[in-house]
2 protein chains.
Amino acid sequence: MSMQDTASSGVALWRLVADGIERGIADGRFVAGDKLPGEMEIAETYRVNRHTVRRALAALAERGIVRAERGSGTYVEAQKLAYPLRSRTRFSEIVGADGREPHGRLIEASDDAATRELARELGLKAGAPLVRIEAMRLADRTPICVSTTWLSAELFPGAGNVFAATRSMTKLLEHYGVRDYRRGATRITAGIVDATDAARLDLALGRPILVVDATDHDLDGKPLVTKHSRFAAERVEFLVES
Amino acid sequence: MSMQDTASSGVALWRLVADGIERGIADGRFVAGDKLPGEMEIAETYRVNRHTVRRALAALAERGIVRAERGSGTYVEAQKLAYPLRSRTRFSEIVGADGREPHGRLIEASDDAATRELARELGLKAGAPLVRIEAMRLADRTPICVSTTWLSAELFPGAGNVFAATRSMTKLLEHYGVRDYRRGATRITAGIVDATDAARLDLALGRPILVVDATDHDLDGKPLVTKHSRFAAERVEFLVES
DNA sequence: CCAAGTTGTCTATGATACTAGACAACTTGA
DNA sequence: TCAAGTTGTCTAGTATCATAGACAACTTGG
């Protein structure tokens with residue numbers, strides 16, 4: 001691996017090495033507590049200078065993924081949150097099941113007008129008044145995802161304030177008399193985090209995110225809320241059951 | 001956006017701009033045929049030199065995402081493949097439904113021994129003989145994903161040759177008398193493409209990929225094959241139905 | 001204690017990324 | 001035809017990336 005190989009890829013070499021090591025951890029080639037190969041050995045496998053490897057490891061160490069011990073070696077630290085995608089998906093339940101403490105945080109709430117896309121998703125007319133809620137979800141102080149949620153301002157007046165108080169979408173819906181709801185079709189893709197989300201998720205620029213678009217319906221199939229969520233890919237793994 | 005902001009993120013500035021524009025297209029802010037803002041305007045919104053924007057646009061143009069017209073502007077070109085995740089998921093059907101021509105290609109087949117992980121997934125003992133098939137799937141000549149598939153070498157002797165001939169996992173299983181099969185639990189996450197897959201998928205280094213791990217079972221629930229697939233995130237969108 | 005192997009830190013050098021400014025070539029609409 | 005706005009192409013200067021080598025500081029096992 002040389003500068004010529006990566007020419008015009010737009011990612012620094014040390015970043016490729018860091019991604020490679022991180023993937024090794026994600027794939028289970030290295031498990032929490034394992035000792036990584038020595039810097040020299042890593043340098044040889046990636047055909048890269050040892051300094052480049054050091055920079056990669058430093059980046060991983062700063063993110064808490066590995067920990068270097070002078071004279072001894074570099075060791076693996078972290079894990080991923082298993083996130084089942086079911087028709088009944090509640091963030092707090094999922095995080096709780098993993099033995100971690102769920103948190104919600106309101107970033108911003110504002111009024112908005114429905115684009116054609118949003119109107120179709122929510123069964124409203126284009127231009128209909130909406131409440132837009134920008135929120136963040138954490139597990140044990142680690143940011144997991146940020147999501148933008150839209151609700152009809154007519155069906156859910158003052159939804160922003162209710163969310164600010166309850167910090168839970170489930171409780172917000174309960175407040176308006178919705179006892180239960182189901183997730184409709186979910187669209188998943190991946191992308192690269194933008195500067196705004198990177199700051200919110202405490203993620204380095206250029207990290208991958210899982211992008212999820214979904215609409216929740218009540219039991220009669222009437223659309224309630226539609227969401228656009230961005231998950232830190234390095235901290236979560238979706239499970240689809242059949 | 002300055003070099004200081006991106007310091008130690010490991011992604012080139014032009015790459016962030018390119019990703020931002022591409023995401024604008026993915027999110028529907030720009031649709032195929034739309035004219036992008038002028039280079040100067042983009043440079044201002046990202047607070048970046050015009051040359052940096054030009055490099056970003058050049059990268060997008062090379063990938064066929066946009067097309068520049070001198071004296072006029074830069075225009076949007078492409079779309080994504082909708083990929084439903086059901087218990088009965090067949091690549092050829094999905095691509096066909098999108099009006100495109102599905103293709104399969106064998107990259108490599110070899111013998112392998114089951115790791116503890118693979119053995120558990122396939123209901124075998126660790127060290128059991130496996131056939132490992134590295135394959136690639138395309139839609140209209142565009143690479144969509146590469147996957148590594150493992151099967152028991154005892155249940156499916158010579159599976160590599162059969163796949164080479166049929167280039168279809170469904171037909172391979174039929175050859176061994178498996179008439180129907182179902183997908184079990186599927187794990188989805190995102191990552192950054194490595195050098196090998198980047199070459200196979202014709203993807204630039206540092207691009208995001210969707211990583212899917214799944215095991216297929218026969219109708220009695222007996223595990224047949226387990227797969228590790230990597231999808232070019234920029235070309236596909238998963239649909240989860242509830 | 002010693003030797004081998006590990007991570008930490010320094011200096012130096014060439015290649016690349018980004019910025020900056022200027023101007024050419026072309027398209028569009030008035 | 002003309003002016004404004006667009007993309008294309010030069011030249012330069014500065015900061016960062018990656019390589020290279022040497023040595024210090026520390027851990028581990030014999």
Side-chain angles (χ1 to χ4, degrees), chain A residues 1-21 30 33-62 64-77 192 195 204-206, chain B residues 1-21 30 33-62 65-77 195 204-206:
Chain A
M1 201 178 294
S2 68
M3 276 311 285
Q4 278 69 22
D5 292 335
T6 79
S8 79
S9 82
V11 280
L13 205 38
W14 64 264
R15 189 67 141 59
L16 297 180
V17 176
D19 289 341
I21 295 170
F30 305 113
D34 278 8
K35 177 176 171 177
L36 292 179
E39 292 172 353
M40 267 311 202
E41 189 176 338
I42 296 178
E44 277 161 21
T45 57
Y46 285 93
R47 289 159 198 258
V48 123
N49 193 278
R50 177 172 160 245
H51 293 292
T52 307
V53 172
R54 283 185 59 70
R55 179 145 193 192
L57 290 174
L60 292 175
E62 193 177 10
I65 310 235
V66 303
R67 167 182 38 85
E69 288 186 6
R70 183 176 191 150
S72 171
T74 305
Y75 301 83
V76 178
E77 293 272 52
I192 299 292
L205 290 172
Chain B
M1 201 178 296
S2 68
M3 276 311 285
Q4 277 71 22
D5 292 336
T6 79
S8 76
S9 82
V11 280
L13 207 37
W14 64 263
R15 190 69 141 59
L16 296 180
V17 176
D19 288 341
I21 294 170
F30 305 112
D34 278 7
K35 177 176 171 177
L36 292 180
E39 292 172 353
M40 266 310 201
E41 189 176 337
I42 296 177
E44 278 160 21
T45 57
Y46 285 93
R47 289 157 196 253
V48 125
N49 194 278
R50 180 175 157 242
H51 293 292
T52 307
V53 172
R54 283 184 61 69
R55 180 146 193 192
L57 290 174
L60 292 175
E62 193 177 11
I65 309 229
V66 302
R67 166 182 39 86
E69 289 185 7
R70 182 177 190 151
S72 172
T74 305
Y75 301 83
V76 178
E77 295 270 51
L205 290 173

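Within every chain, numbering begins at 1; the chains are lettered A, B, ... in the order of the sequence lines, protein sequences first and strands thereafter.
One atom, CZ of A:Arg47, and another, C1' of D:dA20, lie 18 Å apart when rounded to the nearest Å. In this structure, CZ of B:Arg67 is placed 17 Å from C1' of D:dG8, rounded to the nearest angstrom. The distance between atom CZ of A:Arg15 and atom P of C:dT16, rounded to the nearest whole Å, is 21 Å. A straight line from CZ of B:Arg55 to P of C:dT16 spans 10 Å, rounded to a whole angstrom. Spacing between atom CG of B:Leu13 and atom C1' of D:dC17 amounts to 15 Å, rounded to whole angstrom units. In this structure, B:Trp14 places its CH2 atom 12 Å from C1' of C:dT16, rounding to the nearest Å. For the pair A:Ile42 CD1 and D:dT19 P, the computed distance is 14 Å after rounding to whole Å.
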Is there any protein nitrogen or oxygen under 3.5 Å from a nitrogen or oxygen in nucleotides 3-7 of chain D, and what are the pairs?
from	atom 1	to	atom 2	distance (Å)
D:dG5	N2	B:Gly71	O	3.0
D:dT7	OP1	B:Thr74	OG1	3.4
D:dT7	OP2	B:Glu39	N	3.1
D:dT7	O4'	B:Gly71	N	3.3

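Of the listed residues (A:Val17, A:Thr74, A:Thr52), just one forms a side chain to side chain contact (heavy atoms under 4.5 Å, CB included) with A:Ile42, and that residue is A:Val17.
Going from atom CZ of A:Arg55 over to atom CG of A:Leu13 covers 11.0 Å, rounded to the nearest 0.5 Å.
For A:His51 and D:dA20, a side-chain-to-base donor-acceptor distance below 3.5 Å is present, hydrogens and geometry of angles not being considered.
Taking the side-chain hydrogen bond (donor to acceptor under 3.5 Å, both in side chains) definition, one finds that B:Glu41 meets it with nothing, sequence neighbours left out.
Using a 4.5 Å heavy-atom threshold, the side chains of B:Ile21 and B:Leu57 count as touching. Put simply, the side chain of B:Arg50 reaches to within 4.5 Å of the side chain of B:Arg54, judged on heavy atoms.
Nearest nucleotide to the side chain of B:Thr52, out of D:dC17, C:dT19, C:dA17: C:dT19.
Scanning all heavy atoms of the two residues, the minimum distance from B:Val66 to B:Leu36 falls at CG1-CD1, 4.0 Å.
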